[in-house]
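Remember, predicted model here, so these are calculated numbers, not experimental data. Only this structure's heavy atoms are used, side chains among them; waters, hydrogens and symmetry mates stay out.
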Amino acid sequence: MAAADGTRRPGRRRPKALIIGAGIGGLAAAATLRHVGVDVEIYEKAGDMRPGGSALSLSANARVALRTLGLDLDVERRGRAYPALRLCTATGDPIRTVSFARLGDRLGAQNVAIHRAELHQALLAAAGDPPVRLGATARRFRVTGDHVRVDFHEGQTAEGDLLIGADGFHSAVRRQIAGPERPREPGYVCWLATLPLRHPKIRDGYAAHYWGRGQRFGLVQLDGDRVYWWGTLNMAPAVARDWRGGKAEIERAYSGWAEEIRVAIAQTPESAIISVPARDRPFLDRWGCGPVTLLGDAAHPMLPSLGQGAALAVEDAVVLAHCLRQAVDLPHALRRYETARRDRTRWMVREAYSLSRVEQLAHPIADLVRRLYLRWLPDRLLDRRNEIALTFAGSPDPTVTPK
């Protein structure tokens, strides 16, 4: 059992958690669980630890959550805080500016744009260089008494006191808990890239979203002269799932858009562009059984519209650690964690889905109404919605009975 400072009390064995997946959620879980006296072993199906993807937003709620355990990833040194988000038309005309600096000051942390690789390094350091087994693809788990065993496709097995499925959208752990599922595919593709770029408009923590008909574009300044961009375009789900177009197709899609957008795409090597289909899953109420639970995208995959995927995975890891600190009944602690996370993550999944539908509107009249709504929506209403998303609710109430 853990003492208040995270150390184990004499006479009690430290529990061991098997973490499936070495992405942001898995590494965040390793860092937070280590902090409360839980040993971890991480199993990752990839053959190396080079993270896929581009950059992301680590928003204020994740940073505040980590502080409840005394953890600070120093992300402002590794990335860049962005004080505001500019909403623009496709040609760059301003619609409105959403201030995050004021809200961040009130909440105690700013939103930070950071490359995925930098966040991985920070989490690995916080986890104390935990054991990671690469090339290990989880096949199934079996619970026997107080232990859980995982069988891997490569032939090896692992045993522990807990199993944390942090294995992403195609989670093998989730599949065994929930059975076969069909993803929701709203019908658009997402392109992502990071590149070195100097442009007179992209400075001082520049972050902007450009809205067109059935497509969008984002530009965010990272550390130094690096820029992160993403784009979306409506298309049939089957085409988005297996998009095989090239950079030339992307350039055609944004012909006539703002000059900084066309420059960013033109200067991006084709090999640096990542294509991802937009998809999520209907919310799953049951995340685990016995000593097994889910975390991050394995538990609540969501569309990217809120930019909260990484932050929610970090929140999950923090709440999980709070529930396991001093826990004697480990399965009961996992149910407390799930109960504590269920309402907030359900709200986020639903809000991201609803916002995505508005963002990808293609009809000219719908586009006009959307721009007018964004321009005239009162600041207090917009700030309130942002505050809900960016506020970490804190550690769970120990008196709450798990569902």
Practice item. In plain terms, say whether Arg78 and Asp223 are close enough for a salt bridge, that is, a side-chain N and a carboxylate O under 4.0 Å apart. Key: no

Check your understanding: Can you tell me if CZ on Arg262 sees more than 12 non-hydrogen neighbours from other groups inside 6.0 Å?
Key -> yes

Practice item. List the steps and the verdict of side chain to side chain donor-acceptor pair (under 3.5 Å) for Gln221 and Asp204. Key: CA-CA 8 Å; Gln221 185 183 24; Asp204 302 326; over 6 Å; no

Exercise for review: Please say whether the positively charged group of Arg149, taken as NZ for Lys or CZ for Arg, lies over the ring of Phe141, i.e. under 6.0 angstrom from the six-membered ring centre and within 45 degrees of the axis.
Suggested key: no

Study note, to complete from the structure: Applied to residues 20-31, the side chain to side chain donor-acceptor pair (under 3.5 Å) test, sequence neighbours excluded, yields none

Review point. Does Asp167 offer a backbone N or O that forms a donor-acceptor pair with the side chain of Ser171 under 3.5 Å?
Key: no

Practice item. Keeping the roles fixed (side chain from Arg80, backbone from Leu222), state whether a donor-acceptor pair exists under 3.5 Å. Key: yes

Review point. Yes or no on salt bridge (Lys or Arg N to Asp or Glu O under 4.0 Å) for Glu154 and Arg139, after CA distance, side-chain angles and deciding distance?
Key: CA-CA 9 Å; Glu154 293 76 14; Arg139 183 166 64 93; over 6 Å; no

Practice item. Go through Tyr43 and Thr137 one step at a time and tell me if the side chain to side chain donor-acceptor pair (under 3.5 Å) criterion holds. Key: CA-CA 8 Å; Tyr43 294 83; Thr137 307; over 6 Å; no

**Study point:** Aromatic ring proximity, centroids under 6.0 angstrom, Trp229 and Trp191
**Key:** no

Exercise for review: Give, for atom OG1 of Thr345 and atom CE of Met348, the distance between the pair rounded to the nearest 0.5 Å.
Suggested key: 9.0 Å

Point to revise | Tyr206-Tyr82 aromatic ring centre distance below 6.0 Å | key: no

Check your understanding: Would Trp347 and His300 count as a close aromatic pair, with their ring centres under 6.0 Å?
Key -> no

Check your understanding: Got a donor-acceptor contact below 3.5 angstrom from the Arg241 side chain to the Ala278 backbone?
Key -> no

Review point. Any ion pair linking Glu387 and Arg106 (charged N to carboxylate O, less than 4.0 Å)?
Key: yes

